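Below is one structure, written out as structure tokens; comments come after it.
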Protein chains: 2
Amino acid sequence: MDTSLASRTGQLGRPLEQRVSYRLARLHVKLNAQATRILRRHGGLSLVQWRVLVMLNAFTETTAGQVARMTRFDKALISRTVKSLIQAGLVKARSDDSDQRQQLLSMTASGARVFDAAAPHMYARQDALLDSMDTTQREVMFDALDRLEEVADRADAF
Amino acid sequence: MDTSLASRTGQLGRPLEQRVSYRLARLHVKLNAQATRILRRHGGLSLVQWRVLVMLNAFTETTAGQVARMTRFDKALISRTVKSLIQAGLVKARSDDSDQRQQLLSMTASGARVFDAAAPHMYARQDALLDSMDTTQREVMFDALDRLEEVADRADAF
DNA sequence: ACGAAAAAGTTGACCCGTCAACCTTTCCGT
DNA sequence: ACGGAAAGGTTGACGGGTCAACTTTTTCGT
């Protein structure tokens with residue numbers, strides 16, 4: 001078996017470790033896996049359930065649409081997750097008198113308990129991520145992420 | 001409806017835009033979506049198919065296991081993708097006389113054509129990502145990604 | 001007042017990516 | 001030589017995430 005790097009005209013080009021999208025994909029997957037492990041260990045919430053509860057924790061009441069807009073996650077995913085949270089008794093919904101299309105969502109006492117069980121661990125992990133670098137590096141990194149996002153938003157550029 | 005930030009004890013804490021995992025998730029998703037669009041427009045490969053072909057482009061012959069190891073992608077995913085590429089006639093497999101467990105994979109002429117159709121666009125996009133920042137920022141960012149990955153690898157830390 | 005367009009949310013189908021279980025082949029220790 | 005462990009790869013099931021299609025309600029232009 002010849003696995004030399006000399007076949008075809010191709011080479012691997014830039015090494016994988018220097019490909020931005022590859023690095024980000026690996027890291028994203030690892031971060032999600034870590035968060036999932038933490039959540040499983042501390043109450044059993046799924047990652048998206050946690051994310052929705054973070055938003056509900058910040059507001060007395062809100063709507064699925066607002067959660068989707070604020071988090072920029074897909075409304076289909078939010079819809080399903082809200083449904084699962086309601087079924088689990090962690091979220092309750094009441095109709096919105098001013099707009100029949102939407103429901104007002106809020107966390108139940110059970111929801112708050114589950115959220116509070118996971119929160120210290122999720123926030124500790126978040127702090128660890130931020131503390132892995134100093135302020136300057138963090139700012140440079142966030143600026144880099146902004147720049148990458150701008151390129152990614154060029155819809156038909158390539 | 002009260003969506004003020006003063007409910008419960010909770011607040012949103014750190015704004016979403018400053019949460020590393022959130023920012024990375026958004027960016028990862030956008031980059032994948034962009035790549036998927038480019039691939040769809042230039043030959044119709046799926047993202048994982050493209051990734052496998054990148055590896056096959058670099059070697060005369062290789063095995064699914066090696067692709068999985070080199071890319072660090074899940075062997076189940078590679079297995080399925082290789083299967084789909086073989087069915088599409090873009091990859092061919094021959095048995096490995098020295099090890100009956102594995103097959104030697106290589107790109108077909110069709111595969112090379114499809115790969116070559118997509119490659120300039122995918123590489124242009126990759127270059128644009130890297131060129132969105134200067135060398136120093138890139139190095140700082142990659143170092144930051146290394147640091148984040150190290151935290152993400154702490155299995156039971158939180 | 002009316003109707004078209006937009007918005008809120010639901011559901012189906014699909015891809016990415018993972019983990020577990022499985023079967024066959026190979027490796028390795030005794 | 002033998003058998004258990006490991007490796008290569010396959011398949012099932014599942015969660016994250018998306019897009020499309022759909023229904024009902026609301027908005028908005030005429």
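Protein chains get the first letters and strands the later ones, always in sequence-line order, with residue 1 at the start of each. Hydrogens, waters and symmetry mates play no part in the numbers below; they use all other heavy atoms, side chains included. Bear in mind the structure is a predicted one, so any value in this text is a computation, not a measurement.
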> Does the side-chain contact (heavy atoms from CB on, under 4.5 Å) test come out yes or no for A/F59 and A/M70, once each step is laid out?
Replying inline: CA-CA 12 Å; A/F59 299 94; A/M70 284 188 289; 3.5 Å; yes
> If only atom types and distance count, is the side chain of B/R138 paired as donor or acceptor with the main-chain N or O of B/L130 below 3.5 Å?
Replying inline: yes
>> To the closest 0.5 Å, what do you measure between NZ (A/K92) and CG (A/L85)?
In response: 13.0 Å
>> Going by side-chain contact (heavy atoms from CB on, under 4.5 Å), name the residues that satisfy it together with A/R147, two or more places apart in sequence or in a different chain.
In response: A/D143, B/S132, B/M133, B/Q137
> Would you call the rings of A/W50 and A/F115 parallel, tilted or perpendicular, where under 30° means parallel and over 60° means perpendicular?
Replying inline: parallel
> Going by the angle between their ring planes, with limits at 30° and 60°, are A/H42 and A/H121 parallel, tilted or perpendicular?
Replying inline: parallel
>> At a heavy-atom distance below 4.0 Å, what parts of residues 45-52 of chain A sit against DNA chain C?
In response: none
>> Need two values: the first and the last nucleotide of DNA chain C, 5' to 3', having an atom under 4.0 Å from any heavy-atom of chain B.
In response: C/dC16 to C/dT26
Protein-nucleotide distance ([X], atom [atom1]; [N], atom [atom2]), rounded to Å:
X      : N      : atom1 : atom2 : result
A/Q102 : D/dT26 : CD    : C1'   : 10 Å
B/L105 : D/dG8  : CG    : P     : 13 Å
A/Q103 : D/dT26 : CD    : P     : 13 Å

> How does protein reach along nucleotides 18-25 of chain D, written 5' to 3' as B (base within reach of a heavy atom under 4.0 Å), S (only sugar-phosphate), or - (no contact)?
Replying inline: BB-----B
Sequence neighbours excluded and cut-off under 3.5 Å, please list the side-chain donor-acceptor pairs for residues 24-38 of chain A, or say none.
| residue | atom | partner | partner atom | Å |
| --- | --- | --- | --- | --- |
| A/R26 | NH1 | B/R72 | O | 3.3 |
| A/R26 | NH2 | B/R72 | O | 3.2 |
| A/K30 | NZ | B/E149 | OE2 | 3.0 |
| A/K30 | NZ | B/D153 | OD1 | 3.3 |
| A/K30 | NZ | B/D153 | OD2 | 3.3 |
| A/Q34 | OE1 | A/R125 | NE | 2.9 |
| A/Q34 | NE2 | B/V151 | O | 2.9 |
| A/Q34 | NE2 | B/R154 | O | 3.4 |
| A/T36 | OG1 | A/N32 | O | 2.8 |
| A/R37 | NE | B/A155 | O | 3.3 |

> Considering only heavy atoms from C-beta outward, does the side chain of A/V91 approach that of A/L53 to under 4.5 Å?
Replying inline: yes
> Got A/L90 and A/Q49 here, is their nearest side-chain heavy-atom distance under 4.5 Å?
Replying inline: no
>> Could you work out, with salt bridge (Lys or Arg N to Asp or Glu O under 4.0 Å) as the rule, every residue matching B/D131, not counting sequence neighbours?
In response: none
>> Using heavy-atom distances to pick each residue's nearest nucleotide on DNA chain D, tell me which of A/H28 and B/G65 is more 5'.
In response: B/G65
> When the nearest nucleotide of DNA chain D is assigned to B/V82 and to A/D97 on a heavy-atom basis, which residue is associated with the more 5' position?
Replying inline: B/V82
>> Taking B/R101 first and then B/D96, would you say they form a salt bridge - that is, a charged N and a carboxylate O separated by under 4.0 Å?
In response: no
>> Counting only side-chain nitrogens and oxygens, does B/K83 get under 4.0 Å of the OP1 or OP2 atom of D/dT11?
In response: yes
